[in-house]
Structures are given as structure tokens and as C-alpha cells.
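Only one structure is covered here, and it is reproduced in the block below.
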2 protein chains.
Amino acid sequence: MRKVTMDDVAKRCKLSVATVSRVYTNPEKVSPKNREKVYRAIEELNYQPNMLARNLRKLQTNSILVVIPNIMNTFFSYILKSIQNTAFENGYQVLLGDTDKSPEMEEKYLHLLQQKMVDGVIFLYPRMHPSEIQRVIDKHPVVIVGHQETPADIPFVINNNRLSSQTATEHLIRLGHRRIAYFSGPLGLSLSKERQEGFFSAMEAHGLAVDESLVCEGDFYFQSGYDLALQMLASPNPPTALVAASDEMAIGAMKAARKLGISIPDEFAVVGFDDIKMALICEPPLTTMAQPKEDLGRISVEMLIRMMKGEPLSSKHVILNDELVIRESCGFHLNRL
Amino acid sequence: MRKVTMDDVAKRCKLSVATVSRVYTNPEKVSPKNREKVYRAIEELNYQPNMLARNLRKLQTNSILVVIPNIMNTFFSYILKSIQNTAFENGYQVLLGDTDKSPEMEEKYLHLLQQKMVDGVIFLYPRMHPSEIQRVIDKHPVVIVGHQETPADIPFVINNNRLSSQTATEHLIRLGHRRIAYFSGPLGLSLSKERQEGFFSAMEAHGLAVDESLVCEGDFYFQSGYDLALQMLASPNPPTALVAASDEMAIGAMKAARKLGISIPDEFAVVGFDDIKMALICEPPLTTMAQPKEDLGRISVEMLIRMMKGEPLSSKHVILNDELVIRESCGFHLNRL
DNA sequence: CCATTACATGTATGCGTTTACAAAGATTCT
DNA sequence: AGAATCTTTGTAAACGCATACATGTAATGG
């Protein structure tokens with residue numbers, strides 16, 4: 001029982017390869033009688049079309065590449081999951097490109113486009129410079145998720161970082177906090193800057209001074225939130241609340257507070273960003289700006305598919321809104337705004 | 001700037017396609033002088049070989065499929081990450097197949113093998129029946145991770161569930177606990193059964209009776225641990241310790257304990273299984289059996305690559321040992337065994 | 001100096017499909 | 001009935017590369 005090709009099934013049912021091929025691509029073009037014969041032959045021989053040949057002939061692979069900073073991060077993997085689901089429903093395979101946040105890796109993966117290994121790519125939170133991206137992809141279908149600094153007109157879908165950060169900050173202000181700290185992500189990233197701006201503008205809008213010593217740059221991860229908070233909370237004039245640009249940092253900060261015997265939310269309120277799985281499970285459950293992860297994934301795939309099919313995009317840039325989910329880390333958790 | 005093929009670069013440097021092709025596959029077979037010319041032409045034309053053609057010609061894709069129950073689960077995604085890294089280092093792409101634990105999805109993804117879309121697959125924690133797997137893969141390279149019920153001789157790499165569960169239980173026993181609860185995973189899975197056996201055998205070995213009302217079947221996830229513990233801890237005669245077959249369930253149980261005002265580890269000790277990221281971050285940090293996730297991933301890829309190359313396997317079945325990492329959820333956390 | 005070998009290159013075939021085109025058969029219309 | 005049209009099928013040419021084989025050229029040995 002060696003490899004069975006389309007020729008074999010053609011012989012088997014005494015038809016040409018062309019008609020056999022047609023029952024796959026244009027079943028309605030072949031007579032019901034012969035179609036039946038072909039199906040039977042396929043069944044009997046347990047034939048499966050060779051995708052390599054099909055791909056070469058059609059010059060497409062029906063697969064897309066997802067370039068992702070880190071699959072271990074549940075925020076990213078949630079989006080990835082949404083992407084995979086949507087892709088699968090539409091008959092696309094997804095190739096995984098975990099970059100460990102390295103621009104070099106990003107570029108390597110992008111080359112799969114010119115090599116025709118994938119028909120398109122979804123680029124999650126790129127670190128590469130936009131103009132570099134443009135240079136590499138050279139008119140291939142790409143949609144970017146989570147980053148809008150794209151002078152080249154690459155389609156993207158993002159959330160409204162500035163607004164959301166503002167909302168988070170205002171939540172704390174409304175709760176009576178005046179001395180509020182802010183932990184940002186790496187400021188090299190535009191989304192970090194946007195979120196930081198949102199914080200500043202909310203403070204300003206309410207006539208609150210920002211103590212610069214209370215705004216620090218982290219790296220989005222747990223440890224940095226922990227370290228930063230440990231130091232800050234032990235200082236002479238600690239903040240009463242914190243806006244963190246990621247849930248992990250927020251949770252790290254809470255852990256630091258607990259270590260110092262500072263109770264949350266009574267003595268220290270914190271709000272995070274992302275709504276990762278842990279936000280619900282940690283102690284106390286974290287109030288956070290929930291990003292529309294599912295939509296980010298789904299919409300990006302839908303856009304990409306349209307591009308790959310050469311259909312027009314209703315809009316090249318999609319901006320989604322986040323939602324403040326209030327749990328217990330800020331107090332007054334029964335108040336729905 | 002149209003699609004540039006190997007013919008173009010051949011013309012450009014006034015050589016045949018054969019020699020151009022050879023600088024990719026057997027550079028040493030072409031004279032240094034011409035090799036240089038080819039390189040230059042490639043550079044000038046910005047040529048990238050078309051993988052579709054190459055794949056068809058060589059009847060292989062240099063990519064592997066990873067079938068995975070759920071990428072959102074950091075335990076799985078850790079292994080996936082290790083797989084991706086190893087694959088990348090060896091020049092392989094990884095295609096993602098998230099199944100949401102559905103055997104039907106598993107089977108669909110497995111078909112990519114016969115369709116030649118991938119050269120081999122790594123099958124993480126399959127739910128399909130082994131004989132079904134055998135039927136579908138039909139002599140293609142496959143290695144299974146985390147499941148050994150494979151009458152068909154498919155290579156696998158697993159951890160020693162029975163032993164580890166025993167070790168975890170003994171840790172609690174040594175700490176003086178006698179009334180110990182056990183939360184298992186779905187008992188349809190062989191690894192759940194193995195872990196449960198380990199628990200029972202440890203108890204028996206120490207002459208301890210197992211109260212059947214204290215062993216419950218969960219589903220590995222947070223919520224089930226929470227629900228089970230909430231009920232059990234509120235009962236008249238609660239256990240003083242718990243062995244959970246997953247970290248998520250363990251953390252769920254700790255959360256339930258906290259809700260009931262039961263202090264950990266003083267009134268209730270718990271040990272988990274897996275050593276997921278959250279185990280370090282949760283409160284208190286969880287003592288757990290750490291699986292060799294990195295090795296599980298790396299070794300499975302290494303085995304698969306050998307198989308794809310037709311090289312012999314030094315051993316078809318690899319069994320790795322877990323490691324008890326002692327943190328604070330059982331007390332006496334300064335004691336290294 | 002020619003026979004033998006080693007090396008470098010070119011020619012041409014095939015990998016397994018899809019599809020444009022041609023051909024043949026069935027159907028409709030005048 | 002013959003022309004015109006539609007439907008169904010077959011023939012053959014790609015798709016872009018790798019490679020067996022043939023050819024040509026340089027190096028080696030007697």
C-alpha cells in the first residue's frame with residue numbers, strides 16, 4: 001500500500017485525472033454519475049490529495065503565520081487561540097512564530113512570506129521598526145495587532161490604549177485616590193506611551209498633580225511589578241493606589257504589598273490592564289481593563305482573509321474598546337459604574 | 001518587480017538553473033568563482049527560493065504539526081514553546097493544532113500528515129483512542145507526549161506520574177498529615193489513573209487509610225478544585241491536607257480555603273502537580289511536583305527529527321522524572337528533603 | 001602523449017496537482 | 001435535419017525546483 005495519487009483513482013474509475021481533480025475543485029462541473037464513481041474510488045483507495053502539489057500549482061498554501069512575542073503569556077495565547085479558531089473555521093492552517101520578543105526573529109519569520117510558505121501573516125505586537133516591516137513584506141498580506149505606528153499603510157487592529165488607561169485612572173480618582181502611582185511597560189513601545197499618556201491626561205483632567213517619582217518603567221512582567229512596588233511602598237511617602245500597564249505587574253505589586261503587610265484594597269488599591277486569567281484567580285481578584293482579546297484575534301483573521309482573497313477592506317484600521325471589569329482590588333467592588 | 005524565479009538568477013549570472021540550485025543544496029559542488037556569481041545575482045534580484053516548489057520536488061515540508069489540547073493552558077504552552085525552540089533550531093517550522101480537547105479535532109489535524117502538509121507530528125496528551133491514532137497515521141512519524149497507553153508501538157515521552165504522585169503524597173505524610181484528600185483529573189485519562197494509583201500506594205505504604213469521600217474527580221481546571229474543596233472543607237470531618245493532580249485545582253482549593261477562613265498551610269496543606277507559572281505567584285506559593293516541561297518538548301522533537309530522517313531511535317520510550325519543588329503551601333518550607 | 005579519472009556544468013525529466021483548451025456528446029433551435 | 005449551443009470529458013501544459021544523467025574540461029598517471 002504505497003502512496004496513492006490522483007492517477008490511481010483516475011485509473012480505478014476509468015476517468016481522467018482532470019475529472020477527478022474537478023470533483024475537488026468544481027464538483028458541479030462533473031456529472032453526478034461520475035462524481036459518485038470518483039467518490040467511491042477515493043474511498044476504496046483511501047486517497048488523500050497531496051497538498052504539496054496542489055499548493056505549488058495554485059501558488060498558495062492556505063496557511064497563515066502568526067508572529068507572536070511569547071506564547072507563554074496568556075494574554076497573547078488567548079489572542080492566538082482566537083486566531084486559530086477563526087482560521088480553522090475558514091479552512092486555514094496556522095503556522096506558529098514565537099519570537100521571544102526579538103526583532104531578529106520577527107524578521108526571520110516574515111521571510112516565510114516571500115518563500116511562499118504562508119499566504120499571509122498576523123503580526124502580534126511587533127517590535128520591529130514599521131519601515132523594516134514594510135521592506136520585508138513587500139506587498140504581501142499582513143495585518144498587525146496591537147500596534148498602530150505604521151506609517152506604511154499596513155492594516156491593523158488595536159485597542160484604545162489611551163482611553164482605557166484614562167478610564168482605569170479615573171476609576172481610582174473617583175474612589176478618592178489622589179496620590180496615584182503608574183507602572184508603565186517598556187517605553188520603547190508605542191502602546192506603552194499611549195497608556196502612559198492616558199494616565200497623565202486623566203490626572204490632569206482632574207487637577208491632580210503627578211508625582212514623577214511614582215511613575216516607573218517596568219517590562220509588563222510579574223517580577224518588575226513586584227520589585228517596583230516593593231521599593232515604592234517602603235518609601236517615606238507611598239502612593240495609595242496604582243495603575244499598572246499590565247495585569248502581571250499589578251499582581252506583582254499586590255504581592256509586594258502583602259509582603260509589606262499592606263492590605264489591599266484598604267491601604268493600597270490597584271488596577272491592572274489586560275484581564276489575563278490570573279486576574280480572576282489572584283488574591284484579591286484584580287480590577288482591570290479587559291482587552292477584547294477574542295475580537296482582536298477574530299477580526300485580524302477576517303481582515304487577513306479578505307486581503308488574501310483580494311477583496312477590499314471596509315476599513316484598514318480597526319480600533320476596539322476595552323472594558324473596565326471591577327473586581328476587588330480597588331474596594332467598593334459592588335459599585336458598578 | 002515581478003516574481004523572480006531560479007531561472008531569472010540563472011540568466012542573470014549566465015549559468016544554468018542546476019548550478020544555482022546546487023549552491024543551495026550542495027554549495028561545495030560548485031566552483032567558488034561561480035558560487036560567488038550566484039550569490040551576487042541572488043542578492044541583486046532579492047531572490048528567495050519558492051518553498052512550494054522545493055517541497056513538492058523533495059516531497060517534504062520541513063514542518064511539523066503539534067497537536068495540543070489547549071494553548072491557553074500554560075502547562076501545555078510551556079511544552080509548546082520548548083518544541084518550537086528546538087524545531088526552529090533544527091530548521092523546522094511548527095504548525096499549530098489546538099484541539100480544545102476534542103478527539104474529532106485531533107483526527108482532523110492528523111490528516112495533515114497524509115496530505116503531506118507536515119512531515120511529522122508531536123501529539124500532546126491525546127484524547128483519541130490509541131488504535132484510532134494508529135489507523136490514521138499509517139506509518140508516518142509521530143511521537144506522543146504524556147500518554148503511554150499505546151499498544152501500537154508509537155514512540156512516546158512521558159513523566160513518571162505514578163512515582164511523582166507518590167512522592168507528593170509522602171511529602172504530606174512526612175509532615176504528619178494522616179487525613180489526606182486527593183483531587184484527580186478526569187479518570188478517563190490514563191495519566192489520571194496513574195497519579196491516583198500513586199496516591200493510594202503511598203497511603204497504603206504508610207499504613208494510612210484512605211477515606212473514599214476525600215478522593216474526588218476533577219477536570220484539572222481551577223474551578224473544579226475550588227468547588228470540590230469548598231464542599232469538602234465545609235464538611236464535618238475535613239481533611240488536613242490535599243494532593244491535587246494539577247496546580248490549577250490546587251490553587252482553586254487554596255482559594256476555597258481562604259474563603260472559608262481556613263489558613264494555609266497551618267490548617268490545610270496542599271501540594272499541586274505541574275509547576276505552572278501561577279504556582280510561584282499564588283498565595284501562598286504552591287509546593288508542587290514540577291514536570292520537566294522543557295525536556296518533554298525538546299526530547300520529543302529530537303525523537304521526531306530522527307524518525308523523519310529515518311535514523312534509528314536509541315529508545316522508543318522515554319520516561320522522565322518530576323521534581324518536588326517545596327514552597328510554602330505545606331509548611332516547613334525551609335526543609336529541603 | 002594519450003588514457004584514465006576527478007570535477008564542474010548543463011540538459012532534461014519528474015514531483016502531483018490544476019486548468020486552459022480541445023474535443024466529443026447531448027440538447028435546443030430554426 | 002442541420003446548425004448552434006451547452007455540458008461533460010480528456011489532453012497536455014504549466015507551477016518552480018532538485019537531481020540523474022550526459023557532457024565537457026582539467027588534472028593525473030603511465
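First the proteins, then the strands, lettered A, B, ... as listed; each starts at 1. Here the structure is a predicted model, which is why all the values come from computation and not from measurement.
- For Lys58(B) and dG16(C), the NZ to P distance is 16 Å, given to the nearest whole Å.
- For dC15(D), neither phosphate oxygen OP1 nor OP2 lies less than 4.0 angstrom from any side-chain nitrogen or oxygen of Thr5(B).
- Both Tyr47(B) and Lys29(A) sit near DNA chain D, but only Lys29(A) has its closest nucleotide nearer the 5' end.
- Taking the six-membered ring where tryptophan is involved, the planes of His317(B) and Phe156(B) are essentially parallel, since the angle between them stays under 30° and well short of 60°.
- Considering only side-chain atoms of Ser31(A), the nucleotide from dT8(D), dG10(C), dC15(C) that sits closest is dT8(D).
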May I have the step-by-step check of side-chain hydrogen bond (donor to acceptor under 3.5 Å, both in side chains) for Asn55(A) and Thr61(A), ending in yes or no? CA-CA 5 Å; Asn55(A) 291 347; Thr61(A) 61; 5.6 Å; no
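- For the pair Arg57(B) and Ala18(B), nearest-nucleotide mapping onto DNA chain C gives the more 5' position to Ala18(B).
- For Lys116(B) and dG16(C), the NZ to P distance is 9 Å, given to the nearest whole Å.
- Between Tyr24(A) and the phosphate of dG16(C), there is no side-chain N or O to OP1/OP2 separation shorter than 4.0 Å.
- dT8(D) atom P lies 15 Å from atom NZ of Lys37(A), rounded to whole Å.
- The list of salt bridge (charged side-chain N to carboxylate O under 4.0 Å, His left out) pairs with a residue in residues 10-32 of chain A, not counting sequence neighbours, reads Arg12(A)-Glu44(A).
- Separating the CE atom of Met117(A) from the P atom of dG16(D) is a distance of 16 Å, rounded to the nearest angstrom.
- Between Thr19(B) and dG10(C) there is a side-chain polar atom (N or O) within less than 4.0 angstrom of OP1 or OP2.
- Asp7(A) has its CG atom 13 Å from the C1' atom of dG10(D), to the nearest Å.
- Between Met6(A) atom CE and dT11(D) atom P the separation is 16 Å, expressed in whole Å.
- Checking dT17(C), dG16(D), dG10(D) against every side-chain atom of Arg54(A), the shortest atom distance belongs to dT17(C).
- Counting atom types as modelled, Arg22(B) pairs a side-chain N or O with a base atom of dG10(C) as donor and acceptor under 3.5 Å.
- As rounded to whole Å, 16 Å separates atom C1' of dT19(C) from atom CG of Asn55(A).
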- Kindly indicate, with the supporting measurements, whether the criterion ring-ring contact (aromatic ring centres under 6.0 Å, His included) is fulfilled by Tyr47(A) and Tyr39(A). CA-CA 10 Å; Tyr47(A) 167 73; Tyr39(A) 282 138; over 10 Å; no
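- Counting only heavy atoms from C-beta on, Leu59(B) has its side chain closest to dG16(C) among dT19(C), dT19(D), dG16(C).
- Atom CG in Leu56(A) sits roughly 14 Å away from atom P in dA14(D) (whole-Å rounding).
- In this structure, Leu52(A) reaches neither bases nor backbone, as no heavy-atom distance under 4.0 Å exists between it and the strands shown.
- A distance-only check finds a donor-acceptor pair linking the side chain of Arg35(A) to the backbone of Val30(A) [under 3.5 Å].
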